[in-house]
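Here's the structure we're looking at; comments come further down.
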Amino acid sequence: MTLTMNKIGAFRKAAFLTEHFLSLKNRPVPKASLSTGPQQQHETFYEFRTYSIHPHLNTAFLKLTNEKIHLRTAHSELIGFWTVEYGGLNQIFHIWKYDSYAQRASVRASLAQDPCWIEQFSSKVLPMLSSQDNEITYLVPWSKIQKPPKEGGVYELATFQMKPGGPAVWGAAFQAAVGTHTGSGYTHSVGVFHSEIRLLNQVHVLWWYESADERAAIRRKSHGDVRVVAAVRESAAYLVSQKNKLMYPCPFSPIK
């Protein structure tokens, strides 16, 4: 009797597994529905370049750049050029716009063959630099370059290292945090960028204030605003680290 019952149980199990397999085989395959978040609809990108200048040559670098920057802007579009005052001494930060990687390659090739650029600027500037760094970024889909309401003031480049996963993970919360600051009238956003080449999952926000003291006052006020606190708290759940620097625009900077 026991042997017969075992055989019946084994038969029923085999029949169940066969039926289950056939149901899976005939089930329609679901289409992929995952997304990494909003995507850029164009190829335009922005190159962030940071130069560290030998301290005793900082004034000479700025003077020469002021006189010869037109040799460089003849090749591609300069968005802004700043000196770093707080958060990185003797540093220069500048942003260049390119329509594609092919255009950037073409610009670099043209510069390498431009005798005026080489003789009057690059050959003189390179000995003044202690280091160079660059990063390729895109504007986030919900941001655009916006000049400040007036010239001058101080610019804050706030950099946020977010958790891995991209905008699909933290994009909505980060947008809400930025929107709460700007929507409440606390500050002006020049642009919000996310990294494409260098450290990934980085977001840069370029803020503008009338002065460093105004920035300090706004920070104190906004930290007591329940709307800002709530939005920042939600975004901070996806935050790994953050840093910033305060910068002043150079006289020849398009954004100043």
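For the single chain, residues carry numbers from 1 onward in sequence order.
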Ion pair [X]/[Y], N-O distance below 4.0 Å:
X	Y	answer
D99	R104	no
E210	K150	yes
K245	E156	no

Restricting to non-hydrogen atoms, name the atom on [X] and the atom on [Y] that form the minimum distance, rounded to 0.1 Å.
X	Y	result
Y238	V169	CE2-O, 3.6 Å
L126	Q132	CD2-OE1, 4.4 Å
P251	N66	CB-OD1, 4.4 Å
P127	H54	O-CD2, 3.4 Å
K97	T44	CE-CG2, 3.6 Å

Quiz item: F160 and F174: aromatic ring centres closer than 6.0 Å?
Solution: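 Centroid distance F160-F174: below 6.0 Å, so yes.
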Spell out, as yes or no, whether a donor-acceptor pair under 3.5 Å connects the side chain of [X] to the backbone of [Y].
X	Y	value
H188	K147	yes
S195	I197	no
K163	A237	yes
S143	V140	no
W208	G152	yes
S222	R219	yes
N90	I53	no
T137	Y46	yes

[X] side, atom [atom1]; [Y] side, atom [atom2] - distance, nearest 0.5 Å:
X	Y	atom1	atom2	value
S189	W207	OG	CH2	5.5 Å
M128	S52	CE	OG	15.0 Å
M247	Y155	CE	OH	9.0 Å
C250	I255	SG	CD1	13.0 Å
E234	L239	CD	CG	13.5 Å

Would you say [X] and [Y] are hydrophobically clustered, going by side-chain heavy atoms of ILVMFWY under 4.5 Å?
X	Y	result
L71	I118	yes
Y86	I218	yes
V229	W170	no
V232	V226	no
L200	I136	no

Quiz item: Do the ring planes of H94 and Y51 sit parallel (below 30°), tilted (30 to 60°) or perpendicular (above 60°)?
Solution: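 H94 vs Y51 ring planes: perpendicular.
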Quiz item: For F193, which of F45, F48, W142, Y138 qualifies under ring pair (Phe, Tyr, Trp, His ring centres under 6.0 Å)?
Solution: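 Of all the options given, the one that passes is F48.
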Quiz item: So, T159 and H204: side-chain donor and acceptor under 3.5 Å apart, yes or no?
Solution: yes
Quiz item: Does atom OH of Y101 have more than 12 heavy-atom neighbours from other groups under 6.0 Å away?
Solution: yes
Quiz item: With a cut-off of 6.0 Å (strictly less than), are more than 12 heavy atoms of other residues, nucleotides or ligands near CZ of R49?
Solution: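 Yes - once you tally the heavy atoms of other residues, nucleotides and ligands closer than 6.0 Å, there are more than 12.
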Exercise. Could you check F252 against F81 for ring pair (Phe, Tyr, Trp, His ring centres under 6.0 Å), going step by step and ending with a plain yes or no?
Key: CA-CA 8 Å; F252 52 84; F81 205 105; 4.9 Å; yes
